[in-house]
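Chain letters run A, B, ... following the sequence lines, proteins first, then strands; residues in each count from 1. Keep in mind the model is a prediction, meaning the values are calculated, not measured.
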2 protein chains.
Amino acid sequence: MNRRRITSKELAKLAGVSSATVSRAFSPDSRIGNATRDRILAVAREHGYQPNAIARSLNNQRSRLVALVVNAIGNPCEAEEQQLLVHRLQARQLLPIILCCADHADRLQLMRLASTYQVDHVVVFSDMVSMQDAVDIFHTTKPIIVSFEPLENENVSSIRIDGSEAADEIIDKIVRDGKKRFAYLAGTNSSWIDKLRRKWFADALAKRSLAFEAQAFGDYSYDSGFKEAVMLLHRDKVDAIICGNDVMAIGARDAARRVLGRNTPDDIAIVGQDGIAMAAWDCNDLTTLCLDHTAFIDAIVELIERHDAEIEGPHSITLTCTARWGSTA
Amino acid sequence: MNRRRITSKELAKLAGVSSATVSRAFSPDSRIGNATRDRILAVAREHGYQPNAIARSLNNQRSRLVALVVNAIGNPCEAEEQQLLVHRLQARQLLPIILCCADHADRLQLMRLASTYQVDHVVVFSDMVSMQDAVDIFHTTKPIIVSFEPLENENVSSIRIDGSEAADEIIDKIVRDGKKRFAYLAGTNSSWIDKLRRKWFADALAKRSLAFEAQAFGDYSYDSGFKEAVMLLHRDKVDAIICGNDVMAIGARDAARRVLGRNTPDDIAIVGQDGIAMAAWDCNDLTTLCLDHTAFIDAIVELIERHDAEIEGPHSITLTCTARWGSTA
DNA sequence: ATCGCTTGTGTAATCGTGTACACAATGCAT
DNA sequence: ATGCATTGTGTACACGATTACACAAGCGAT
């Protein structure tokens, strides 16, 4: 195994040209004779030469690296979007670096590490990172932040997500079905995204002179949804549970059915949020507040393009959620 | 927003030293006076200076980047492991670059792109990439390949996974339960991993003078599991389906119950593979062939360490699967 | 006082590209 | 034949760090 790669200077010697000409052979729009280019590319192929992207980045001041700050990779509520985004980035020859960390101090440290790699773009999916931290750490790269309220900061672009209308539709149906006692099963209580999602539903209830009778905190996992739902149903006697994401909703549905023998939608209404693929599976068939993943990623890619084009000013794109009707509410 | 970062030379001027001394202030084991170091670090913090990792990589010949070649991000059968690995890498200050591509030609192109970034390590999770392609493209970096058979190549390290014993246990139980007609529901038919997994079960059947009566090909998705299972049950009248992964098994279970009104484990046995968290949820409770994710990732990290320590020679680590018993078989 | 060792710092080369600039060769219009 | 624009190539420097080497200062032992 060759431990060392061949360099442009070495290749130049082999092809009988200067290293500058080798570089030109690999730049599409540069003044170079066709014969020379072909010869260089042939020799390059023969010796397995590829320009060193690290050296190029240093020279260019463009790394073509993109930092993606996410809460988790495994969690399906983000995974589908991550997958889409990664594909779109790669189609643009951008390489994604995943930053994903359980502990908050570690997360900031990790972001600092990534920032030393001169990433061209930063996309913050994680609601555990404050806008100010993102701006401070990546102070030369305007971060793109996924948020649920408009961000008032020149140095940030944002995707704002609004689900208030869809939440209203869902509450409307559940109330018409005769449900009276609502509970909210939140994700981590440090998540401000969850607070806003809760607000959409709370506002819809208030319009009908209702309010959440109970509240519980899970951690976006199936197990926490299961466990907290048992409490809500048993102790608080609720008949409708709005969950912070789809996975907890599935856990809650299982708990209702298994532990208390209560079925959706007759005995109890259960609502998820995210609209992940699994929610539509026959065994789940969840009613859920969902976002169009494609539109979401399109918006992120558009902001990346604006940054590349160096269009100035703050940018914010708003997306609205829709209701997906299943048999759980 | 400051578009430009401060450089070590500029910081040197500010602190009244040379750029070499600035560099030393950031290298733990270098000869530098304590007072000088403290002063430099203070000035650095004040001006938000961090050494440029791209420049450092160029000099060091070490990028601290790791390429992860995966089939998909969203797919839970890989996601849990990816998550674990990303955490472990980041604890070592290594940054993961995710390479994930639907189309095969694109995938190879993407791997070539990543290789120009001088990645320190390559981990190939995807069974869509041949060993030879990985070796050719990353010819200066010995790839770590997750495989299901021993790889006979000096230039490759591998994790070999063996589930033959666990498959035998599972088949034993199903046969004792009186099931007679077995089908195998494979993932993509171009996947050689799937061929080996199938072989574990086929061998176990052969030991009992049985064989697969039918075979179908899905694509590892819920929908394909659902659709193919309908065919297998209806046309081929099988009473046991071994699936290529857990997600398809869930789809198959739903199909059996919903379309043909047949329940596990009495009417039909269904077995998954992977042992993802979701398989253990109450609504699924799958019998599945599973791998210890932690041991798996430990093995990968160990191979990375060996590469870093420049221990020569081919390395292969073998892991064995275990059966997880649920109510579907 | 001299030697030798240690410590701290600066100078300069290096890593592998990209590109501004210079210059020779060519073609074309005058 | 002269002038000018165009084309193709080489030279040299920049990108931002690390590090081998040199050297001065300090210190203890002889």
>> With no hydrogens and no angle check, just 3.5 Å: does a side-chain donor-acceptor pair link B:Ser19 and B:Ser8?
In response: no
> How about B:Asn155 and B:His139: does a side-chain donor come under 3.5 Å of a side-chain acceptor?
Replying inline: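 B:His139 and B:Asn155 do not have a side-chain donor-acceptor pair below 3.5 Å.
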> Looking at B:Val301, B:Leu84, B:Leu291, B:Leu85, which one forms a side chain to side chain contact (heavy atoms under 4.5 Å, CB included) with B:Phe296?
Replying inline: B:Leu291
Nucleotide [N], atom [atom2] - distance to [atom1] of [X] in whole Å:
| X | N | atom1 | atom2 | answer |
| --- | --- | --- | --- | --- |
| B:Lys9 | C:dA12 | NZ | P | 12 Å |
| B:Phe26 | D:dG16 | CZ | P | 16 Å |
| A:Tyr117 | D:dA17 | OH | C1' | 13 Å |
| B:Gln118 | C:dG16 | CD | C1' | 9 Å |

> Charged N to carboxylate O below 4.0 Å: is that the case for A:Asp133 and A:Arg107?
Replying inline: no
> Would you call B:Arg62 and B:Asp308 a salt bridge, taking side-chain N to carboxylate O under 4.0 Å as the test?
Replying inline: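 Looking at B:Asp308 together with B:Arg62, the answer is yes, because their closest N to O distance falls below 4.0 Å.
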> Just by distance, do the side chain of A:Asp120 and the backbone of A:Ser63 share a donor-acceptor pair under 3.5 Å?
Replying inline: yes
> Which pairs, with at least one residue in residues 25-39 of chain A and sequence neighbours excluded, count as a side chain to side chain donor-acceptor pair (under 3.5 Å)?
Replying inline: none
>> Is A:Ser8 close enough to C:dT17 that one of its side-chain N or O atoms is under 4.0 Å from OP1 or OP2 there?
In response: yes
>> Does anything in residues 56-67 of chain B come within less than 4.0 Å of DNA chain C? Heavy atoms only, and list the residues if so.
In response: B:Leu58, B:Asn59, B:Gln61
>> Classify the ring geometry of B:Tyr49 against B:Phe26: parallel below 30°, tilted from 30° to 60°, perpendicular beyond 60°.
In response: perpendicular
> When we call it a touch if two heavy atoms are under 4.0 Å apart, what does A:Thr7 touch: a base, just sugar-phosphate, or nothing?
Replying inline: sugar-phosphate
Listed pairs, N/O of protein and of nucleotides 5-11 of chain D, under 3.5 Å:
unit_1, atom_1, unit_2, atom_2, d
D:dG8, N7, A:Arg31, NE, 3.3
D:dG8, N7, A:Arg31, NH2, 3.2
D:dG8, O6, A:Arg31, NH2, 2.7
D:dT9, OP1, A:Thr36, OG1, 2.6
D:dT9, OP2, A:Gly33, N, 3.0
D:dT9, OP2, A:Thr36, OG1, 3.0
D:dG10, OP2, A:Ser18, N, 3.0
D:dG10, OP2, A:Ser18, OG, 3.1
D:dG10, OP2, A:Thr21, OG1, 2.6
D:dG10, N7, A:Arg24, NH2, 2.7
D:dG10, O6, A:Arg24, NH1, 3.4

